[in-house]
Amino acid sequence: MARFLEVTVAVTVVLAAVIFQVNCGFFRLKRVGHAKVLGFDWKNCGQPDAPAVLKTLTVSPDPINIPGSLTAAASGSTSVELTAPLSLNVTLEKEVAGFWVRVPCVEDLGSCHYKDVCDILNQLIPPGQDCPEPLHTYGMPCHCPFKAASYSLPQSEFYLPYIDLPYWLTNGKYRVQGDLGGGGKELGCLKLSLSIHSD
């Protein structure tokens, strides 16, 4: 039903899993007892003719509490089939003393290049396993390829559990840019901005 949007959700899942979880054993982590995400905002940053575009994305409440529930809805489209390998370039920046500082990539954490989102999805959700909710309810796949079409995810509720974060990611203003590519071409680009305040 909503295959392109699954890419958006999948990339979000990948970003969350990779940036916050994968190989975190190499980092000094802080158990977050309670955190708030404020001022969440987004925009497309690809070329005007980029095939993959997020059209709408609403997230509430503001602030988002962790742990806690959030409600999200989205719609988007892709004019081409998205097949492996799908590369993802992530640029993560933190505001320090009024300047935006790029967080380097260290052991797959920070501003990193991921060669194939499809492969990461297969590792996170083994083929044959049901897709996580609400993707499963709406018949959305969680593996490549993703067919060309316009799609939407109805308003859905997600639960955000307690999390472990790298010490440098527990408080501050952040912006993240994700550039999706395949076949040597840019397929889409999304920018996110938010603030994190934690105990």
Side-chain angles (χ1 to χ4, degrees), residues 1-27 42-57 59 72-93 102-154 156 158 163 175-192:
M1 171 182 169
R3 289 191 170 93
F4 168 71
L5 194 49
E6 158 53 22
V7 175
T8 301
V9 174
V11 168
T12 303
V13 170
V14 169
L15 286 173
V18 172
I19 294 177
F20 300 132
Q21 308 255 344
V22 176
N23 291 328
C24 279
F26 292 95
F27 296 89
W42 67 277
K43 67 177 180 179
N44 289 296
C45 49
Q47 297 297 318
D49 60 349
V53 178
L54 185 63
K55 294 181 177 178
T56 64
L57 175 61
V59 177
S75 65
S77 66
T78 178
S79 60
V80 299
E81 185 173 64
L82 303 177
T83 60
L86 282 177
S87 66
L88 179 64
N89 280 307
V90 176
T91 302
L92 174 63
E93 296 177 307
R102 180 178 170 133
V103 177
C105 181
V106 180
E107 300 294 342
D108 288 333
L109 213 61
S111 301
C112 301
H113 173 74
Y114 305 100
K115 293 181 179 179
D116 190 5
V117 172
C118 300
D119 183 58
I120 296 174
L121 285 173
N122 288 339
Q123 293 176 42
L124 293 173
I125 309 166
Q129 178 177 312
D130 285 344
C131 295
E133 293 296 344
L135 309 183
H136 182 69
T137 294
Y138 294 111
M140 298 166 64
C142 46
H143 298 97
C144 299
F146 301 100
K147 295 182 179 180
S150 294
Y151 303 105
S152 64
L153 176 70
S156 303
F158 300 82
I163 54 175
R175 59 188 187 189
V176 183
Q177 178 170 320
D179 295 281
L180 191 67
K185 298 179 180 179
E186 179 187 279
L187 299 176
C189 176
L190 188 66
K191 283 186 177 179
L192 307 175

Separation between CH2 of W42 and OG1 of T56, rounded to the nearest 0.5 Å: 6.5 Å

Full working for side-chain contact (heavy atoms from CB on, under 4.5 Å) between V90 and Y114: CA-CA 8 Å; V90 176; Y114 305 100; 3.7 Å; yes

Flag, side chain of D116 to backbone of C118, donor-acceptor distance under 3.5 Å: yes

Pairing of E81 and K147 as salt bridge, 4.0 angstrom limit: no

Heavy-atom donor-acceptor pair, S156 side chain to P154 backbone, under 3.5 Å: yes

Note, H113 side chain near C105 side chain (heavy atom, < 4.5 Å): no

Side chain to side chain, P132 and I125, heavy atoms closer than 4.5 Å: yes

Residue pair K191 / R175, side-chain heavy-atom distance below 4.5 Å: no

Gap separating the CG atom of L54 from the OG atom of S75, nearest 0.5 angstrom: 7.0 Å

Close side-chain approach of L153 and Y138, heavy atoms under 4.5 Å: yes

Point-to-point distance, once rounded to the nearest 0.5 Å, from SG of C142 to CD of Q129: 8.0 Å

Reported CG-to-CD distance for the pair D49 and E186, which is rounded to 0.5 angstrom: 8.5 Å

Identify each donor-acceptor pair in which a side-chain atom of residues 177-185 lies under 3.5 Å from a protein atom, sequence neighbours left out, and give them as a table.
unit_1, atom_1, unit_2, atom_2, d
Q177, NE2, D179, OD1, 3.3
Q177, NE2, D179, OD2, 3.0

Distance (rounded to the nearest 0.5 Å) between C144 SG and N122 CG: 7.5 Å

Separation of E93 CD from S111 OG (nearest 0.5 Å): 7.0 Å

Any donor-acceptor pair under 3.5 Å from S150 side chain to S77 backbone: no

Test item: T91 and R102 side chains (from C-beta on) under 4.5 Å apart, heavy atoms: yes

